[in-house]
> 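Can you read through this structure? Questions will come right after.
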Amino acid sequence: MVLTQSGSLQLLLDLIGVFVFALSGGLVAVRKRLDILGVVILSGMAGLGGGVLRDLLIGQTPPVGVSDWRLMGVCVLAGLCAFTLHPEMSRIARLVRLLDAAGLALFCVAGSIKALAYGAGATTAIFVGVLTAIGGGLMRDVIVGQVPEVLRRELYVVPALLGSSLVVIAHETPYYTVPVLWGCVFVAFALRMIAVVLDLNAPQPLRTGDRS
Amino acid sequence: MVLTQSGSLQLLLDLIGVFVFALSGGLVAVRKRLDILGVVILSGMAGLGGGVLRDLLIGQTPPVGVSDWRLMGVCVLAGLCAFTLHPEMSRIARLVRLLDAAGLALFCVAGSIKALAYGAGATTAIFVGVLTAIGGGLMRDVIVGQVPEVLRRELYVVPALLGSSLVVIAHETPYYTVPVLWGCVFVAFALRMIAVVLDLNAPQPLRTGDRS
Amino acid sequence: MVLTQSGSLQLLLDLIGVFVFALSGGLVAVRKRLDILGVVILSGMAGLGGGVLRDLLIGQTPPVGVSDWRLMGVCVLAGLCAFTLHPEMSRIARLVRLLDAAGLALFCVAGSIKALAYGAGATTAIFVGVLTAIGGGLMRDVIVGQVPEVLRRELYVVPALLGSSLVVIAHETPYYTVPVLWGCVFVAFALRMIAVVLDLNAPQPLRTGDRS
């Protein structure tokens, strides 16, 4: 609540998060040779999927992702950007990763805050926060039939888990304030960026059972 | 409401829509060599998926797709038809496309009407209507691991978007009446058939980023 | 209710069911070369997916799968087992199948009981029970991009359908008691084991339409 609805700065960051995830969906769609409508739809699923999942899990219907036209407008815009600018996109891959980390950090914190505001307990709030952050990327990849990147990439879930957990811990203390919540966003963002820069990966299973 | 619950003609058309989408699911399942139960289940997902998604989004639980045995019975019937008659199906492909267009038109309109009846705003009503129309096909394709046809086929989403938008516009005027709603169905149906007949496709991205 | 919340034996069996399904998710993830976090997440989806779907369909939010930390803890444990022990797993495949059959039987019955407790009609209760039993496996396979095994394996849906139907029939009689419900679990379990042992499969479509 505090973070997602209390001001125009928050709205701006919400829109940035949706935009960045939507852009990632649009780029995947372009690579899969979808037509322009497919690109826009996949942008929408990647950008809004996490939030829709969150709202279904906490029982807020209709989900904000299907009721706020600004969020959808941003997805359409991101889809059109991916469709028209995709040859340039590779040049700004670094920027996209930066923004993607920002989206991840913001969504896990905002998801947990919203779940707590709806009366969820600690476990639910953490789980819902993480799903908010990874849900859009999951849907994007499942729909085009590839194993979700969030299950394979360098530490992606851990920063979200950390951000959501810090929010829930803060909620149990007198320090559940806007600056502290921004701190949670920052910690998740920083951890994600460190993982990207150092190319940190979670360990993989030993190579023996490869009969896929 | 008006359209989906006010009479036996409406019920008949609802059942036709579900049957046609279920048939498409059954045929995909046959092509994927699923057994008879897999065929019936995929029929059910294709036929009922859009409506279940709609009801989850607007907060109507349990969704009508899992509570009305007639809708499920129709899906089982469609699955059995696909299973037993599939060699003949190729001959009636033209009929199936016609019925599919009818299903698309009916579902987008019925979805938006139901969302409005549950107090949804304009954006939600349009989005929910489109998802009702394309949701079953999306689930069908995602479950068997192919990129959803609705994201690739000649103009498929646009007729649904148009039908749902017309419903929402009508809702703002004094002309939110049964005949006008049938007009919305007709417009969506006509646009879809024009796209099929003329083989109209939405533009694709330029071929440069093919590194899938 | 009776079955899932009335005692520590029931809780134990609930946890076993979740553990077994989670283990199956973890093993699939290991085969797909996901990292340790991907393995744990896929374990969680396979173990909790059916219950989350059930709770969304009957309108209980947040779903117990995202609010009970014990269920999640069991999934994490199963994921770590799959990750570390997978070379031994092939030796205990027989045990896993046995437990999987137990999970299937328990989940279809528990799902239908919960749906009835939430006021669902007969059709809904059967459907929700079956989805509870097969939902986790469906999600597991869809996420890693393979055609769901539950749509292809030897009779998998039929035992669930039978178990759920027996629960609903019992609910209409004075014999809706704990021992009878355990009987339903046993019947579903027995039918599933017979299908496994005899390698019974549902019939497949004739091989003519293989143009996938």
Side-chain angles (χ1 to χ4, degrees), chain A residues 25-45 48-49 52-53 55-73 75-76 79-91 93 138-147, chain B residues 53-61 63 111 114-116 118-132 134-135 137-139 141-161 168 195 200-212:
Chain A
L27 290 173
V28 168
V30 164
R31 277 213 297 268
K32 291 281 175 179
R33 316 281 319 140
L34 301 186
D35 65 26
I36 189 167
L37 292 162
V39 171
V40 168
I41 292 175
L42 204 64
S43 291
M45 287 179 173
L48 305 174
V52 168
L53 200 57
D55 290 353
L56 287 180
L57 289 174
I58 63 175
Q60 192 215 10
T61 55
V64 70
V66 304
S67 62
D68 188 328
W69 66 268
R70 292 170 302 191
L71 297 180
M72 284 189 235
C75 289
V76 171
L80 296 179
C81 285
F83 187 82
T84 53
L85 304 177
H86 68 96
E88 339 292 337
M89 285 291 171
S90 47
R91 281 182 232 154
L138 266 181
M139 284 192 202
R140 174 197 68 201
D141 292 347
V142 165
I143 282 174
V144 298
Q146 62 194 22
V147 177
Chain B
L53 199 59
R54 174 198 62 201
D55 290 354
L56 286 180
L57 290 174
I58 63 176
Q60 192 215 9
T61 54
K114 188 163 185 179
L116 290 169
Y118 272 72
T123 316
T124 308
I126 292 173
F127 201 77
V128 167
V130 172
L131 277 180
T132 307
I134 71 173
L138 265 180
M139 284 192 203
D141 292 347
V142 165
I143 282 173
V144 297
Q146 61 193 22
V147 177
E149 269 190 57
V150 299
L151 301 184
R152 290 204 292 199
R153 256 206 293 194
E154 345 74 54
L155 290 179
Y156 197 90
V157 174
V158 170
L161 206 51
V168 170
L200 290 179
N201 285 284
Q204 284 207 333
L206 296 170
R207 262 197 181 277
T208 58
D210 264 45
R211 297 145 311 179
S212 176

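So that the names make sense, note that chain A is the first sequence line, chain B the second, and so on, each numbered from 1. Remember, predicted model here, so these are calculated numbers, not experimental data.
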> Side chain, backbone, both or neither: which part of Ile126(B) has a non-hydrogen atom closer than 4.5 Å to chain A?
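Neither part.
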
> Taking side chain as everything from C-beta outward and backbone as N, CA, C, O, which of these in Ile58(B) sits under 4.5 Å from a heavy atom of chain A? Side chain, backbone, both or neither.
backbone

> For the residue pair Val150(B) and Leu37(A), establish whether any side-chain heavy-atom pair is separated by less than 4.5 Å.
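No - every pair of side-chain heavy atoms lies 4.5 Å or more apart.
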
> Got a second to check how far Ile143(A)'s CD1 is from Met139(B)'s CE, nearest 0.5 Å?
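Rounded to the nearest 0.5 Å, the CD1-CE separation comes out at 10.0 Å.
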
> Tell me, side chain or backbone of Val28(A) under 4.5 Å from chain B's heavy atoms, or both, or neither?
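Interface part for Val28(A): neither.
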
> Do you know which of Gly145(A), Pro63(A), Gly44(A), Gly59(A) has the most heavy-atom pairs under 4.5 Å to chain B?
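Looking at each of Gly145(A), Pro63(A), Gly44(A), Gly59(A) in turn, Pro63(A) comes out on top.
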
> Quick check on side-chain contact (heavy atoms from CB on, under 4.5 Å): which of Val40(A), Asp35(A), Ile41(A) does Val157(B) satisfy it with?
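Of the listed options, the one satisfying the test is Ile41(A).
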
> First locate atom CG of Asp55(A), then atom CG of Leu56(B), and finally report the distance between them rounded to the nearest 0.5 Å.
13.0 Å

> Please determine whether side chain to side chain contact (heavy atoms under 4.5 Å, CB included) holds for the pair Met45(A) and Leu151(B), giving the CA-CA distance in whole Å, both sets of side-chain angles, and the decisive distance to 0.1 Å.
CA-CA 12 Å; Met45(A) 287 179 173; Leu151(B) 301 184; 5.8 Å; no

> As an exercise, state the distance from CZ of Phe127(B) to CG of Leu48(A), rounded to the nearest 0.5 Å.
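Answer for the CZ-CG pair, Phe127(B) versus Leu48(A), is 6.0 Å.
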
